[in-house]
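Working notes, beginning with the structure itself.
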Number of protein chains: 2
Amino acid sequence: MAGRAAVPEVIWARPERTGRGPRPAYTRADIAAAAVRIADAEGLDAVSMRRVAGELGCGTMSLYNYVPRKEDLYELMMDAVSGEHELWEPCGDWRADMIRVAHQTRDLMHRHTWLPRLMSPVYGFSPNALRYLEHCLACLDPFEAPYGTKMELVAMVNGVVTTYVGNEIATVERTRSLPWSQEQENAVRIAYLGRQVASGAYPRLAASFAEAAGPIDLEGVFERALTRVLDGFA
Amino acid sequence: MAGRAAVPEVIWARPERTGRGPRPAYTRADIAAAAVRIADAEGLDAVSMRRVAGELGCGTMSLYNYVPRKEDLYELMMDAVSGEHELWEPCGDWRADMIRVAHQTRDLMHRHTWLPRLMSPVYGFSPNALRYLEHCLACLDPFEAPYGTKMELVAMVNGVVTTYVGNEIATVERTRSLPWSQEQENAVRIAYLGRQVASGAYPRLAASFAEAAGPIDLEGVFERALTRVLDGFA
DNA sequence: AGCGCACTACGTACGCTGTACGTAACTAGG
DNA sequence: CCTAGTTACGTACAGCGTACGTAGTGCGCT
């Protein structure tokens with residue numbers, strides 16, 4: 001009954017197949033792909049054990065043979081999409097390579113908008129995550145600094161990307177569960193914010209709003225944040 | 001039936017008391033305080049509508065007269081603890097003031113470990129959040145830059161603090177729902193990680209681990225991240 | 001060769017969640 | 001005074017993660 005043992009374990013330390021018993025009907029990759037498909041199409045909250053089992057075509061509780069806890073399903077999902085990271089030969093300019101890494105991660109998160117939400121709570125070092133981390137360190141070979149600093153740089157870049165894409169996506173993802181449209185939601189919030197700012201209680205905030213003409217250039221904000229972070233390390 | 005209208009609205013735009021009907025038994029502050037008490041003591045997941053109502057001593061569905069959706073309860077909670085921010089007279093050195101802001105936010109999050117988890121998805125501009133934002137802008141008065149840049153600085157500092165404290169807290173918060181201890185969890189994960197690193201597949205990661213003697217100095221990591229971000233703006 | 005055990009599969013059931021809805025009591029405005 | 005808008009709250013529903021029991025399957029060992 002190893003599958004039911006209430007024992008701390010990392011899913012990646014569990015062999016996918018032990019040899020004994022009937023051969024499993026699905027692979028971890030199958031399960032991860034099904035979950036990712038659901039999350040991409042209907043949002044992370046649509047990913048339930050029942051729903052994934054349904055997508056696979058098996059009974060709900062059969063899933064628990066592969067995935068002891070739901071959190072492990074999340075780790076499977078993250079590892080699966082981490083595998084989409086393209087790992088290139090570093091060009092020798094660590095700054096350029098880190099910018100490329102950041103852009104790629106951002107694209108990945110745009111493709112899988114549920115990623116930022118999972119990044120924070122789950123600090124798993126899945127196989128593909130380790131590969132990605134190693135690649136980042138390879139990009140930083142020309143950066144003369146102790147590994148501690150390099151790790152902090154990687155963490156910082158990842159953190160900034162996660163935060164920014166998370167903010168970009170927040171509204172979209174949130175309105176998925178609401179009975180009204182994203183435009184209505186935004187309109188209401190902006191109207192309220194405008195009223196508050198117009199009240200005169202927040203002069204600098206008001207000035208800030210007055211200064212801003214048109215919508216925010218998210219792309220530019222991201223780019224600037226990135227270069228500033230890298231500047232801070234150089 | 002305004003309380004039941006399925007209409008987009010911000011909770012802060014709803015008057016707390018309209019005049020008609022029996023006078024409400026609780027204030028928003030009461031409700032927020034109850035929810036915060038639960039979250040502080042037992043974690044965010046312990047905050048359910050039933051639980052909060054129980055803490056207040058009323059029926060579950062009575063809560064919905066005050067809080068149309070659970071997400072609004074979260075906004076109430078965030079606003080309540082945002083009120084704990086001390087707002088001082090800026091000292092004239094925006095760098096020093098921003099560092100002080102960051103430290104205070106960090107302390108706040110240590111006191112209320114569920115805050116980082118709520119920060120990302122909820123982008124509410126509650127009264128106390130606006131006050132806090134205005135205060136940050138006041139601290140940045142000596143920083144000669146357009147308001148757009150100042151806002152990006154504030155967002156960046158807040159983002160970094162949220163990310164770092166979130167990471168600090170992740171393990172602690174996560175093990176709350178697990179049947180085994182945080183130490184066991186960590187031991188298992190470290191053992192797995194050590195095995196992977198020792199496999200030779202990740203040479204730089206291995207070097208990085210070899211370099212690190214003893215546990216990570218989280219305090220130092222935070223401090224360095226902060227100064228680097230500020231450096232990137234100056 | 002065959003026994004036993006570890007494994008897969010899966011239905012049922014429990015306690016929990018957010019919340020829609022109906023009803024009764026109450027009170028301020030017209 | 002009346003009535004409309006509120007508060008209060010019990011009941012109910014659909015969904016969740018998952019503990020547990022049971023039946024069938026096939027590898028590894030003796």
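Letters go in sequence order (proteins before strands), and every chain restarts at 1.
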D/dC16, C/dA9, D/dA12: which one has an atom nearest the side-chain heavy atoms of B/Arg50? D/dA12
From CZ of A/Arg20 across to C1' of C/dG4 the rounded distance in Å is 8 Å
Could you check how far OH of A/Tyr64 sits from C1' of D/dG17, rounded to whole Å? 5 Å
For B/Lys70 and C/dT19, give me the distance from atom NZ to atom P, rounded to whole Å. 8 Å
Could you give the CG-to-P distance, from B/Leu73 to C/dT19, as a whole number of Å? 10 Å
Looking at A/Arg23 and D/dG26, is any side-chain donor or acceptor paired with a base atom of the opposite kind under 3.5 Å? no
Whole angstrom is fine here: how far is it from CG in B/Asn65 over to C1' in C/dC21? 13 Å
Parallel, tilted or perpendicular, as decided by the 30° and 60° cut-offs, for the rings of B/Phe222 and B/Tyr164: perpendicular
With heavy-atom distances below 4.5 Å as the criterion, would you say the side chains of B/Thr105 and B/Tyr132 are in contact? yes
C/dA6 OP1/OP2 closer than 4.0 Å to side-chain N/O of A/Thr18: no
Residue met sooner reading DNA chain C from 5', once B/Gly21 and B/Arg69 are mapped to nucleotides: B/Arg69
Starting at CE of A/Met49 and ending at C1' of C/dC10, how long is that distance when rounded to a whole Å? 13 Å
A/Arg17 CZ to D/dG28 P, straight-line distance once rounded to whole Å: 9 Å
A/Asp30 (side chain) donor-acceptor with A/Thr27 (main chain) under 3.5 angstrom: yes
C/dT8, OP1 or OP2 - any side-chain N/O from A/Tyr66 closer than 4.0 Å? no
For A/Ser48 and D/dC16, is the shortest distance between a side-chain N/O and OP1 or OP2 below 4.0 Å? yes
First of B/Pro22 and B/Ala46 reached from the 5' end of DNA chain C, by closest nucleotide: B/Ala46
For the pair made of CE in A/Met61 and C1' in C/dT8, what is the distance, rounded to whole Å? 13 Å
Any salt bridge linking B/Glu219 with B/Arg106? Criterion: basic side-chain nitrogen under 4.0 Å from a carboxylate oxygen. yes
Checking the side chain of A/Tyr74 only, and the main-chain atoms of A/Leu118 only, is there a donor and an acceptor separated by less than 3.5 Å? no
